[in-house]
Q: 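Quick one: structure below, then a few questions.
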Amino acid sequence: MRAIRRSGEFELEIKRSRFLCALSRAESEEQAREFIAQRRRLHHDARHHCSAYVLGADGRTQRSSDDGEPGGTAGVPMLEVLRHNEITHVVAVVSRYFGGTLLGAGGLVRAYGGAVSAALDHVALAELRPMRLMSTAVDYLVAGKLENDLRSQGFLVSDVDYSEHVRFVVQVPEQELDAFDVWLAEATGGAAEAVRGELVHAEVPL
């Protein structure tokens with residue numbers, strides 16, 4: 001799955017109708033609904049505010065709304081663009097200012113889907129990669145060297161806790177867990193072991 005790295009907008013004009021698409025990050029349905037409400041307030045004079053959102057690391061939560069357009073001509077094609085591009089943690093709202101010319105069902109499908117597709121082309125994307133949180137604790141005497149070694153090897157250190165020992169939390173790709181255990185043992189002369197924690201999804205810029 002992928003995610004947008006920042007919010008963005010794009011405007012498409014077809015036969016004097018304006019389709020203004022706004023994309024935003026959303027981590028919950030509450031955030032998605034609030035963004036839709038914000039767009040309604042901002043463009044209160046638009047005729048329609050059609051929307052679609054995909055949530056969850058696996059993109060399982062999906063909703064769409066035609067907001068008064070003929071059924072299946074707005075929200076569904078918007079959602080299909082997000083699904084086709086494997087985008088999650090995102091909400092899309094297309095506010096339409098009617099230009100006086102009816103576009104027909106096919107025209108609406110192309111317009112709403114096209115607005116979302118064009119908006120995606122104008123925002124940076126990141127890949128969501130499954131990573132396992134690995135924690136290890138070492139003495140202060142070797143903590144500095146280990147931290148340098150971790151970072152120089154490209155491991156993502158997400159947390160360092162200084163207490164009785166220095167505890168590092170490192171994000172490691174699922175397929176590299178065994179290799180990380182071997183590397184850690186070699187780097188510390190067998191003084192440190194890693195404890196496997198929860199699965200997270202790190203964002204890697206595309």
Q: What do the steps show when you test Leu146 against Thr188 for side-chain contact (heavy atoms from CB on, under 4.5 Å), and what is the final call?
A: CA-CA 7 Å; Leu146 178 57; Thr188 63; 4.0 Å; yes
Q: Mark yes or no for whether Asp58, through its side chain, and Arg60, through its backbone, hold a donor-acceptor pair below 3.5 Å.
A: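 Answer holds: yes.
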Q: Between Leu20 and Glu9, does a side-chain contact (heavy atoms from CB on, under 4.5 Å) hold up when you go through it step by step?
A: CA-CA 7 Å; Leu20 181 59; Glu9 292 187 15; 3.8 Å; yes
Q: Distance check, rounded to the nearest 0.5 Å: Leu156 atom CG versus Met134 atom CE?
A: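 Interatomic distance, Leu156 CG to Met134 CE, rounded to 0.5 Å: 14.0 Å.
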Q: For Ser158, give me all partners under side-chain contact (heavy atoms from CB on, under 4.5 Å), at least two apart in sequence or on another chain.
A: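 Result, side-chain contact (heavy atoms from CB on, under 4.5 Å) vs Ser158: Leu133, Val169, Gln171.
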Q: Looking at Glu164 and Tyr140, what are the two nearest heavy atoms and their distance?
A: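 For Glu164 versus Tyr140, the nearest heavy atoms are O-CE1, 3.6 Å.
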Q: Which atom pair, heavy atoms only, marks the closest approach of Leu12 to Ala111?
A: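 The answer is CD2-O, 3.7 Å.
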Q: So do Lys145 and Asn148 actually touch side chain to side chain, heavy atoms under 4.5 Å?
A: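 No, their side chains stay 4.5 Å or more apart.
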Q: If you take all heavy atoms of Gly72 and Asp66, which pair is closest and at what distance?
A: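 Nearest heavy atoms, Gly72 then Asp66: N-OD2, 2.9 Å.
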Q: Is the Phe180 ring parallel, tilted or perpendicular to the Phe155 ring (thresholds 30°, 60°)?
A: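 Perpendicular.
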Q: I need the minimum non-hydrogen distance between Arg167 and Ser135, along with the two atoms involved.
A: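 Smallest interatomic distance, heavy atoms only, reads NH2-CB, 3.7 Å.
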Q: Report all side-chain donor-acceptor pairs from residues 48-56 shorter than 3.5 Å, counting only partners two or more places apart or in another chain.
A:
residue : atom : partner : partner atom : Å
His48   : ND1  : Asp67   : O            : 2.8
His49   : ND1  : Ser95   : OG           : 2.9
His49   : NE2  : His43   : O            : 3.0
Tyr53   : OH   : Glu29   : OE1          : 2.6

Q: Nearest 0.5 angstrom please: Leu150 CG to Phe168 CZ, how far?
A: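 These two atoms lie 6.5 Å from each other.
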Q: Among residues at least two apart in sequence or on other chains, which ones pass side-chain hydrogen bond (donor to acceptor under 3.5 Å, both in side chains) with Asp121?
A: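 So Asp121 forms no side-chain hydrogen bond (donor to acceptor under 3.5 Å, both in side chains) with any residue.
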Q: Under the salt bridge (Lys or Arg N to Asp or Glu O under 4.0 Å) rule, what pairs show up with a residue in residues 105-118, not counting sequence neighbours?
A: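 Matches after skipping sequence neighbours: none remain.
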Q: For a 4.5 angstrom cut-off between non-hydrogen side-chain atoms, does Lys15 reach Leu103?
A: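 Lys15 reaches Leu103 side chain to side chain.
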Q: Would you list the pairs meeting salt bridge (Lys or Arg N to Asp or Glu O under 4.0 Å) in which at least one residue belongs to residues 92-104, sequence neighbours left out?
A: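 As it turns out, the salt bridge (Lys or Arg N to Asp or Glu O under 4.0 Å) pairs with a partner in residues 92-104, which skip direct neighbours, are Glu69-Arg96.
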Q: How about CD on Glu30, more than 12 heavy atoms from neighbouring residues, nucleotides or ligands closer than 6.0 Å, or not?
A: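 Count not over threshold, so no.
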Q: Following the transitive rule for hydrophobic clusters with a side-chain heavy-atom cut-off under 4.5 Å over Ile, Leu, Val, Met, Phe, Trp and Tyr, establish whether Val182 and Val172 coincide in one cluster.
A: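 Different clusters.
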Q: Kindly compute the distance separating CD (Glu11) from OH (Tyr97), expressed to the nearest 0.5 Å.
A: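 So the gap between those two atoms works out to 9.0 Å.
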Q: One pair to check against side-chain contact (heavy atoms from CB on, under 4.5 Å): Val90 and Phe35. What are the steps and the verdict?
A: CA-CA 10 Å; Val90 67; Phe35 181 73; over 6 Å; no
Q: For a quick test of reading the model, state the closest non-hydrogen atom pair linking Val160 to Val157 and the distance between them.
A: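 Smallest interatomic distance, heavy atoms only, reads CG2-CG1, 3.7 Å.
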Q: Going by the rule ring-ring contact (aromatic ring centres under 6.0 Å, His included), which residues pair with His165 if we only count those two or more places apart in sequence or in a different chain?
A: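 With sequence neighbours excluded, His165 shows a ring-ring contact (aromatic ring centres under 6.0 Å, His included) to no residue whatsoever.
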Q: Please verify the inter-ring angle class for Tyr112 with Phe19; under 30° counts as parallel, over 60° as perpendicular, anything in between as tilted.
A: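 Perpendicular: the ring planes of Tyr112 and Phe19 meet at over 60°.
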Q: Applying side-chain hydrogen bond (donor to acceptor under 3.5 Å, both in side chains), name anything that partners Asp159, two or more places apart in sequence or on another chain.
A: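 Asp159 satisfies side-chain hydrogen bond (donor to acceptor under 3.5 Å, both in side chains) with no residue once adjacent residues are dropped.
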Q: How long is the gap from CG on Asp149 to CD on Glu147, to the nearest 0.5 Å?
A: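 The CG atom of Asp149 sits 10.5 Å away from the CD atom of Glu147.
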Q: Could you go through residues 191-201 and list every donor-acceptor pair under 3.5 Å that involves a side-chain atom there, pairing it with any protein atom two or more places apart or in another chain?
A:
residue : atom : partner : partner atom : Å
Arg196  : NH2  : Asp178  : OD1          : 2.9
Arg196  : NH2  : Asp181  : OD2          : 3.1

Q: Taking only residues two or more places apart in sequence, or in another chain, which ones meet Arg63 in a side-chain hydrogen bond (donor to acceptor under 3.5 Å, both in side chains)?
A: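 If we apply the side-chain hydrogen bond (donor to acceptor under 3.5 Å, both in side chains) test to Arg63, skipping adjacent residues, there are no hits.
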Q: Closest heavy-atom contact between Thr88 and Ala57?
A: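 Closest approach of Thr88 to Ala57: CG2-O, 4.4 Å.
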Q: Test side-chain contact (heavy atoms from CB on, under 4.5 Å) on Ile87 and Leu125 and set out the steps.
A: CA-CA 9 Å; Ile87 309 293; Leu125 299 177; 4.0 Å; yes
Q: To the nearest 0.5 Å, how far apart are CZ in Arg39 and OG in Ser24?
A: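 So the CZ of Arg39 and the OG of Ser24 are separated by 9.5 Å.
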Q: Going by heavy atoms in the side chains, are His89 and Leu128 under 4.5 Å from each other?
A: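 Side chain of His89 against side chain of Leu128, heavy atoms only: contact under 4.5 Å found.
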Q: For residues 77-85, run the donor-acceptor check on the side chains, cut-off 3.5 Å, and write out each pair with its distance to 0.1 Å, sequence neighbours left out.
A:
residue : atom : partner : partner atom : Å
Glu80   : OE2  : Arg83   : NH1          : 2.9
Asn85   : ND2  : Val81   : O            : 2.8

Q: Mind checking salt bridge (charged side-chain N to carboxylate O under 4.0 Å, His left out) for Glu174 and listing every partner two or more places apart, or none if nothing turns up?
A: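 So Glu174 forms a salt bridge (charged side-chain N to carboxylate O under 4.0 Å, His left out) with Arg132.
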Q: For Gly113, does its backbone N or O pair with a side-chain atom of Ser117 as donor and acceptor, under 3.5 Å?
A: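 Not a single qualifying donor-acceptor pair exists.
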Q: According to side-chain hydrogen bond (donor to acceptor under 3.5 Å, both in side chains), who are the partners of Glu203, at least two apart in sequence or on a separate chain?
A: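 Glu203: side-chain hydrogen bond (donor to acceptor under 3.5 Å, both in side chains) contacts with Arg25.
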Q: Val94 versus Val116: any side-chain heavy-atom pair under 4.5 Å?
A: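 Contact flag for Val94/Val116 side chains = yes.
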